[in-house]
Structure formats: C-alpha cells, structure tokens
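Structure record follows, encoded as structure tokens.
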Amino acid sequence: MSADWSIPYPTHLDESRVPEILRPLTHVEHSWDVFPWYLTSRLVGLLEKPEPCFEYLHVTMYFRARAAMLALTGDVLDRKELFASFCRHRVQVGGIYRAHLLHYLRVYLKRRNFVQLPECEQAEFDPLLDPQQVEASRESIRRVVTFSEAECINTLNIISLATDMTEVICLRPLESWAEGAERPVSVRVPSQTCPHEVGHELAPVRDEAREALRARRSVRKISVRSHRERGISDLTGQKAEGSGAGWKVVGDYRMIMVPGQSKAINLARKPKARAVLRLIHTRLVESGKKDFLTEEMRDAFNAQFSEDVAQRRWMSDRIREDLFRGKEREFDLLFETLDKAAGWYRMRA
C-alpha cells in the first residue's frame with residue numbers, strides 16, 4: 001500500500017471528471033470519530049518526514065481524505081471554477097492540506113512551548129492521564145485542524161480565481177501551492193487487508209503490530225468503504241441494499257439494516273451507543289431472550305472497565321434519551337419499550 005499525498009490525475013482530464021477522481025479518496029473514513037488521536041504525540045514528526053510504517057500510512061490516508069472532502073463539499077466560492085482550476089493545474093489538494101496543517105501545528109507547539117503535541121487518547125498503558133485533560137487537548141487540536149482547513153479552502157479559492165500563478169501567498173507562488181507545496185514522495189508501506197460487507201479495513205502487518213504493542217503503543221485500523229457500496233453511507237443517505245431481506249449488522253454495528261426500512265440505521269457517530277448495543281445484542285443472543293432490564297445491562301457493560309478508564313462507562317439511567325440522543329427514532333426501530341419507568345425493554349431483532 002502506498003502512503004501518498006498525491007491526487008492521481010489521468011493524462012486526459014476535463015472538469016466534469018474531477019469529482020470522480022476525488023470521491024474515491026473520501027471512502028477512507030475521515031470523520032472526527034475516527035481521528036487518529038493515538039498518534040497525536042507523533043503527528044508532527046510523521047507529517048514532516050515520511051516513514052515506511054503503518055502509522056504514517058494512517059495519517060496520510062486520513063488527512064488526504066479530508067482534503068478531498070474539502071474540495072468536494074467545503075465552503076468554496078465557486079465549485080465549478082474550482083474544478084476547472086483542478087483540471088488546468090492538476091491541483092494537489094492533499095499536499096496543500098498537509099502544508100497548512102503542519103504549519104499551524106508548529107505554531108501551536110511554539111506558542112505553547114511544547115516539544116510535541118499532547119497525548120489525546122486515554123491509553124490503558126498510562127492510567128495517570130487525566131480524562132478531562134485528554135478532552136481539553138483534543139479540543140485544542142480540533143481547533144488547530146479546523147483553522148488549517150479554513151486556510152486550505154482559502155488557498156483553493158485563490159487558485160480558482162488566479163490569472164497569474166506566480167503570485168505569492170503565504171511565502172509560496174501559487175504554482176508551488178498547486179503542485180502540492182513540496183509534498184513528500186510516495187512511500188510503500190506493508191499492510192494487510194481485512195474485507196467486510198461494506199468495504200475493508202487496513203491493518204499493520206503482524207511484525208509491526210507486535211512491535212508497537214511491545215512498545216506500549218496503540219494499534220488501530222484504517223476503515224475504507226467499498227467503491228461499490230450503495231446506500232450504506234452517512235454522506236449520501238441512499239437506500240440500504242437488501243432492506244427487505246431481514247435484520248443485518250454491518251461494520252461493527254456502524255450500520256443496521258432493518259426490515260421494511262429504506263435507509264439503514266447509521267450509528268457511525270455514536271461509539272458508546274454502538275458498544276452498548278453490541279453488548280445487549282450479544283447477551284440476548286447467548287441467553288435466547290429478547291427482554292432486558294437497563295440496569296442489568298448497564299452493570300454488565302460497566303464491569304468491563306476498571307477505575308483507570310472509568311470515563312468509558314455508561315452512567316446514564318435513560319438509555320433512549322441520553323445514550324441514543326439524536327437517534328431516538330432509530331432506538332424505537334431497534335427496541336420496544338415495555339416499562340419505561342422500570343427500564344424494561346425488548347429488542348425487536
């Protein structure tokens with residue numbers, strides 16, 4: 001697998017084909033839910049210097065997907081003009097994104113007098129990390145990334161309006177920005193592919209995963225949606241395939257297809273709700289029952305977590321209104337309320 005910031009433009013190109021070229025890059029999951037928080041302390045180094053390692057591949061694929069997303073859906077002045085400029089200049093938006101992100105992360109380090117970005121994951125290897133500090137660090141890095149993305153869009157707008165590519169902005173000629181602002185060369189990274197029903201996941205090879213774990217570093221996968229996926233997307237809202245064929249769980253409870261429903265239930269942005277749903281479903285299947293008490297399931301869920309990671313526990317009494325907030329309709333498709341006051345529910349599946 002190649003860790004590459006480039007946009008693979010064909011020899012013959014017109015502006016109508018630009019979205020076709022960018023869209024497959026966004027099939028890499030690139031929401032805030034799957035941000036590579038486990039890599040924040042190494043992020044600047046990975047952006048500065050390519051390494052033939054899976055962590056660099058993760059950073060490259062994630063941020064290139066966000067760069068393509070900005071071009072396709074960001075708040076640009078004129079998307080037709082933008083795509084025309086992409087066609088004229090073969091604009092390397094991945095390199096532009098990387099250059100702005102790296103610049104503002106360096107500014108962040110300098111102003112905070114930090115050597116590296118703070119840890120942003122409550123790793124079980126470091127129980128002394130304060131969960132509130134971890135969340136505060138995440139929020140500050142979100143702001144840096146959001147600001148750098150606004151600067152990326154600004155650069156794209158200027159390129160789309162430019163009549164002279166020798167014009168200098170942010171210390172670089174526009175021609176240099178369009179070429180990707182000194183984007184790194186492609187690096188070959190060994191990885192393994194794990195296919196599933198709506199795409200596949202990329203994982204580090206065995207030796208690299210083992211080495212990372214021995215060094216007490218987290219190991220994560222890169223989730224990629226299939227190019228042939230229809231309807232199981234949080235972007236398009238298309239119909240779910242086989243929606244009349246029965247219940248179907250896809251991608252670790254990210255999507256649940258419900259009989260008679262034209263759209264799949266999308267829990268991609270509800271990680272704790274997914275984890276609770278997984279536990280409830282598993283325990284009910286094992287017991288052969290459909291009815292359950294919220295309190296019993298909450299106790300079973302919380303028993304998985306020690307005091308060191310207590311923030312992962314399910315603390316609310318109201319499963320529908322709190323845990324599934326914003327997804328109440330989806331909750332009602334999954335569960336029947338038998339006695340709300342007692343917390344007594346039945347899984348419909």
Side-chain angles (χ1 to χ4, degrees), residues 4-32 34-35 43-44 47-48 59-111 139-184 186 233-237:
D4 195 351
W5 295 93
S6 301
I7 307 299
Y9 291 109
T11 303
H12 302 290
L13 178 67
D14 62 72
E15 64 187 70
S16 65
R17 291 192 60 199
V18 171
E20 298 175 16
I21 295 162
L22 295 176
R23 198 170 292 117
L25 304 178
T26 66
H27 292 168
V28 175
E29 293 287 356
H30 55 274
S31 69
W32 284 112
V34 294
F35 190 93
L43 182 56
V44 172
L47 289 169
E48 288 177 334
V59 166
T60 305
M61 293 185 71
Y62 178 85
F63 288 115
R64 188 177 66 162
R66 289 191 69 86
M69 173 199 70
L70 291 182
L72 288 167
T73 65
D75 188 18
V76 299
L77 292 175
D78 188 322
R79 203 160 320 272
K80 184 177 180 181
E81 282 293 326
L82 179 66
F83 290 161
S85 70
F86 273 43
C87 184
R88 287 194 303 272
H89 307 297
R90 302 298 200 269
V91 176
Q92 292 295 335
V93 65
I96 295 172
Y97 187 106
R98 171 190 167 274
H100 282 300
L101 178 61
L102 182 55
H103 171 75
Y104 286 106
L105 288 174
R106 286 170 173 164
V107 170
Y108 175 89
L109 292 177
K110 184 176 181 179
R111 290 183 178 177
E139 182 56 34
S140 62
I141 291 175
R142 281 191 198 99
R143 290 198 297 269
V144 176
V145 174
T146 300
F147 188 83
S148 68
E149 290 183 347
E151 286 296 288
C152 181
I153 289 177
N154 189 56
T155 301
L156 294 179
N157 281 328
I158 293 173
I159 291 173
S160 72
L161 298 173
T163 55
D164 181 2
M165 294 298 285
T166 63
E167 178 186 352
V168 175
I169 63 164
C170 299
L171 305 179
R172 294 179 188 272
L174 283 180
E175 184 179 19
S176 174
W177 279 110
E179 291 172 354
E182 299 178 2
R183 73 185 186 278
S186 174
S233 169
D234 55 347
L235 297 177
T236 63

Quiz item: Going by the angle between their ring planes, with limits at 30° and 60°, are F35 and W32 parallel, tilted or perpendicular?
Solution: parallel

Dump the intermediate steps for side-chain contact (heavy atoms from CB on, under 4.5 Å) on L109 and L105, then the final yes or no.
CA-CA 6 Å; L109 292 177; L105 288 174; 5.7 Å; no

* So, do L72 and F83 sit near enough that their side-chain heavy atoms are less than 4.5 Å apart? -> yes

Across all chains, not counting sequence neighbours, the salt bridge (charged side-chain N to carboxylate O under 4.0 Å, His left out) partners of R183 are none

Here the pair of heavy atoms bringing I153 nearest to G74 is CD1-CA, 4.1 Å

All heavy atoms of P24 vs all of P19, minimum pair found to be CD-O, 4.5 Å

CG of D75 to CD of E149, rounded to nearest 0.5 Å, is 13.0 Å

All heavy atoms of R17 vs all of P10, minimum pair found to be NH1-CG, 3.8 Å

Output for pair (S160 OG, R88 CZ), nearest 0.5 Å, gives 8.0 Å

Practice prompt. State, with a plain yes or no, whether a side-chain heavy atom of Q92 is found less than 4.5 Å away from one of S6.
Written response: yes

* Decide yes or no on side-chain contact (heavy atoms from CB on, under 4.5 Å) for R106 and E48, but give the supporting numbers first. => CA-CA 10 Å; R106 286 170 173 164; E48 288 177 334; 3.1 Å; yes

Can you say whether the rings of H100 and W177 are parallel (under 30°), tilted (30 to 60°) or perpendicular (over 60°)?
parallel

Between G94 and A67, the two heavy atoms sitting closest are CA-CB, 4.0 Å

For this session: Ignoring hydrogens and angles, tell me if any N or O in the side chain of Y9 forms a donor-acceptor pair with the backbone of V91 under 3.5 Å.
Result: yes

Distance col, row L101:CG vs C152:SG, nearest 0.5 angstrom, shows 9.5 Å

Exercise for review: Given side-chain contact (heavy atoms from CB on, under 4.5 Å), test L82 with N157 step by step and report yes or no.
Suggested key: CA-CA 7 Å; L82 179 66; N157 281 328; 5.6 Å; no

(message) Does atom CD (E182) have a neighbourhood of more than 12 heavy atoms from anything else shown, all under 6.0 Å?
(response) no

Using salt bridge (Lys or Arg N to Asp or Glu O under 4.0 Å), reason through R172 and E179 one step at a time and then give a plain yes or no. CA-CA 11 Å; R172 294 179 188 272; E179 291 172 354; over 6 Å; no

For H30 and V28 the tightest heavy-atom approach is ND1-O, 2.8 Å

Residues at least two apart in sequence or cross-chain that pass salt bridge (charged side-chain N to carboxylate O under 4.0 Å, His left out) with R64, listed by chain then number, are none

| query | With a 4.5 Å heavy-atom cut-off, do L13 and I21 have their side chains touching? | reply | yes

Checklist line | Test item: L161 and E81 side chains (from C-beta on) under 4.5 Å apart, heavy atoms | finding: no

- [ ] Look at atom CG of D14 and say whether more than 12 heavy atoms of other residues, nucleotides or ligands are closer to it than 6.0 Å.
- [x] yes

**Prompt:** Given the rule in the side-chain contact (heavy atoms from CB on, under 4.5 Å) test, do Y97 and L156 qualify, once you have shown the distances and angles that lead to the verdict?
**Reply:** CA-CA 10 Å; Y97 187 106; L156 294 179; over 6 Å; no

Has the side chain of E15 got a donor or acceptor atom that lies under 3.5 Å from a matching backbone atom of F86? no

Heavy-atom donor-acceptor pair, R79 side chain to A71 backbone, under 3.5 Å: yes

Next item on the list: Measure the shortest side-chain to side-chain distance between C170 and H103 over non-hydrogen atoms and say whether it is less than 4.5 angstrom.
Entry: no

- Query: Okay, side chain of Y62, backbone of S31: is any donor-acceptor separation there less than 3.5 Å?
  - Reply: yes

CD1 of I169 to CG of L174, rounded to nearest 0.5 Å, is 5.0 Å

Rounded to the nearest 0.5 Å, the CD1 atom of I159 sits from the CD atom of E175 at a distance of 11.0 Å

Residues at least two apart in sequence or cross-chain that pass salt bridge (charged side-chain N to carboxylate O under 4.0 Å, His left out) with E151, listed by chain then number, are none

One should read off an interatomic distance between S148 OG and I141 CD1, to the nearest 0.5 angstrom, of 11.5 Å

Heavy-atom closest pair (P173 atom, T166 atom, distance to 0.1 Å) is CB-O, 4.1 Å

Checklist entry - Any side-chain heavy-atom pair from T146 and Y104 closer than 4.5 angstrom? => result no

Taking side chain as C-beta onward, heavy atoms only, is L43 less than 4.5 Å from F63? yes

